[in-house]
Chemist: 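Pasting a structure here, questions to come.
Side-chain atoms are counted along with the backbone in the values below, which use heavy atoms only and exclude waters and symmetry mates. In this text, all values refer to a predicted model and were calculated from it rather than measured experimentally.
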Amino acid sequence: MNKVVKDMLNAIWYLVVFLLIQAFAMFIVGTIWYVTQGQDLQTAVQSVGNGKMASDGLALVVSTIVSSLLTIALFALCRWAPMSRSYLRSHPWVVLVWVVLLACGTIIPSEWLLEQLNIQMPEGTEKMFEDIMGRPEGYIVIGILAPIAEEMVFRGAILRSLLKAFSPQMHWLAIILSALLFGVVHGNLPQGCHAFAIGLLLGWLYYRTDSIVPGVVFHWVNNSVAYVMFNLLPQVGDGKLIDLFHGNQRMMMYSLGFSLCIMLPSLFQLAMRLTRPKK
């Protein structure tokens, strides 16, 4: 088989496996969950199939924990996302500090941009998201497991395969395709647009370092800030950025400008410090 075709098929296979693991975990956990709630097996299976599980935040959290752990274990054991300490042995601490600053600097601009596009999250998806974010155990999913699992799949496996499929001069196309897949699997337009934009940055970080570590750090900061804001700042519960500043438009624009003053220098520093490893 042509090597390019094989690498492309591998990328598709990794995505399919990722989705199957999620479906499998939801089915198993959901069925067990409803059986323990007193339903018979057939009714429990029907409840999961009808999507009733989406209304139970704790069941969703458990399901996502299971799917994330299975994903991490499978992709590591099969070496679909090769794990190595070589990048950490290079002591990239200054780079990771800039990654943290970059993640912080993108939060308000990305939220502002989504509001300008006037993209609304579906009501059912928003409620499901709130059910997970509003639980202490939800941070295990949002802040810890999701960054690791998703970086292993979309950068360590999918992007790695796409980079091998395309010539070095076409690396940007591999990054765009992996970011597009990352956005699509989120299943709704607001999160999908945000994931696509962030996926471009994450893909660039992976391309420059050949490691998922910077992406995991970026992903962790982004998700952790979202979790903290959701739980500690109820005034932004409706998703309006202006509410974070108590309706003060000027303060919001100052904050946007300040964020750009963090984001742009961080990008510049990372562009200067990161070099593509020699193969």
Side-chain angles (χ1 to χ4, degrees), residues 4 7-19 21-22 68 71 75 80-82 95 98-100 102-117 119 121 125 129 142 145-223 225-226 259-260 263-264 266-268 270-271 274 276-277:
V4 173
D7 289 331
M8 294 290 288
L9 290 176
N10 281 340
I12 296 172
W13 168 247
Y14 300 142
L15 179 63
V16 170
V17 170
F18 174 72
L19 296 174
I21 290 174
Q22 289 188 313
S68 296
T71 299
F75 277 72
W80 292 340
V95 166
W98 283 111
V99 170
V100 170
L102 176 63
C104 292
T106 60
I107 292 170
I108 289 180
S110 62
E111 180 63 28
W112 179 84
L113 183 58
L114 284 177
E115 289 188 7
Q116 302 312 301
L117 296 174
I119 302 174
M121 187 179 296
T125 303
F129 185 69
I142 299 296
L145 294 179
I148 298 173
E150 292 179 0
E151 289 311 303
M152 289 182 68
V153 174
F154 289 94
R155 260 59 64 176
I158 292 176
L159 179 54
R160 181 176 62 87
S161 293
L162 292 175
L163 286 171
K164 290 193 295 183
F166 296 104
S167 66
Q169 295 76 19
M170 298 289 286
H171 67 273
W172 55 270
L173 182 56
I175 293 173
I176 291 173
L177 286 175
S178 66
L180 183 61
L181 293 175
F182 186 51
V184 169
V185 299
H186 280 75
N188 62 83
L189 194 56
Q191 283 185 299
C193 290
H194 179 264
F196 172 72
I198 295 302
L200 294 175
L201 285 175
L202 295 171
W204 175 69
L205 290 173
Y206 179 83
Y207 171 74
R208 284 295 191 94
T209 62
D210 201 27
S211 171
I212 67 169
V213 172
V216 169
V217 171
F218 185 107
H219 212 143
W220 166 68
V221 172
N222 182 80
N223 289 14
V225 170
S259 294
L260 292 175
M263 183 182 76
L264 296 178
S266 299
L267 276 173
F268 175 78
L270 289 170
L274 298 181
R276 175 71 175 165

Chemist: Once rounded to the nearest 0.5 Å, what's the spacing between atom CD of E111 and atom OG1 of T106?
Modeler: 11.5 Å
Chemist: Using every non-hydrogen atom in the two residues, find where N222 and A103 come nearest and quote the distance to one decimal.
Modeler: N-CB, 4.5 Å
Chemist: Below 4.5 Å, heavy atoms only, C-beta onward: do N10 and D7 meet side chain to side chain?
Modeler: yes
Chemist: Are the side chains of C193 and L114 in contact, using a 4.5 Å heavy-atom criterion?
Modeler: yes
Chemist: Restricting to non-hydrogen atoms, name the atom on N188 and the atom on P190 that form the minimum distance, rounded to 0.1 Å.
Modeler: OD1-CD, 3.4 Å
Chemist: With a 4.5 Å limit on heavy-atom distance, are the side chains of L267 and L201 in contact?
Modeler: yes
Chemist: At what distance, to the nearest 0.5 angstrom, does OG of S211 lie from CG of L274?
Modeler: 10.5 Å
Chemist: The criterion is ring pair (Phe, Tyr, Trp, His ring centres under 6.0 Å); which residues satisfy it with F18, sequence neighbours excluded?
Modeler: F154
Chemist: Side chains of M263 and L260, heavy atoms from C-beta outward: is any pair under 4.5 Å?
Modeler: yes
Chemist: May I ask you to test the I107-S259 pair for a side-chain heavy-atom distance under 4.5 Å?
Modeler: no
Chemist: Determine yes or no for a side-chain-to-main-chain donor-acceptor pair under 3.5 angstrom, with N223 supplying the side chain and I142 the backbone.
Modeler: yes
Chemist: With ring-ring contact (aromatic ring centres under 6.0 Å, His included) as the rule and sequence neighbours excluded, what pairs involving residues 183-205 come up?
Modeler: F182-H186
Chemist: Suppose the criterion is salt bridge (Lys or Arg N to Asp or Glu O under 4.0 Å): which pairs have a residue in residues 152-174, not counting sequence neighbours?
Modeler: E151-R155
Chemist: Rounded at 0.5 Å granularity, tell me how far OH in Y14 sits from CG in L19.
Modeler: 15.0 Å
Chemist: Measure across S68 and A149 and return the closest heavy-atom pair with its distance rounded to 0.1 Å.
Modeler: O-CB, 4.1 Å
Chemist: Roughly how far apart are Y207 OH and L163 CG, rounded to 0.5 Å?
Modeler: 7.5 Å
Chemist: CD/E150 to CD1/I158 distance, rounded to the nearest 0.5 angstrom?
Modeler: 10.5 Å
Chemist: What closest approach, in Å, do V221 and C104 show between heavy atoms, and which atom pair accounts for it?
Modeler: CG1-SG, 3.9 Å
Chemist: Taking all non-hydrogen atoms of both residues, which atom of L159 and which atom of S178 are closest, and how far apart?
Modeler: CD1-OG, 3.6 Å
Chemist: Mind listing the closest non-hydrogen atom pair of H219 and L202 along with its distance?
Modeler: ND1-CD1, 4.2 Å
Chemist: To the nearest 0.5 Å, what is the distance between CH2 (W172) and CZ (F166)?
Modeler: 9.0 Å
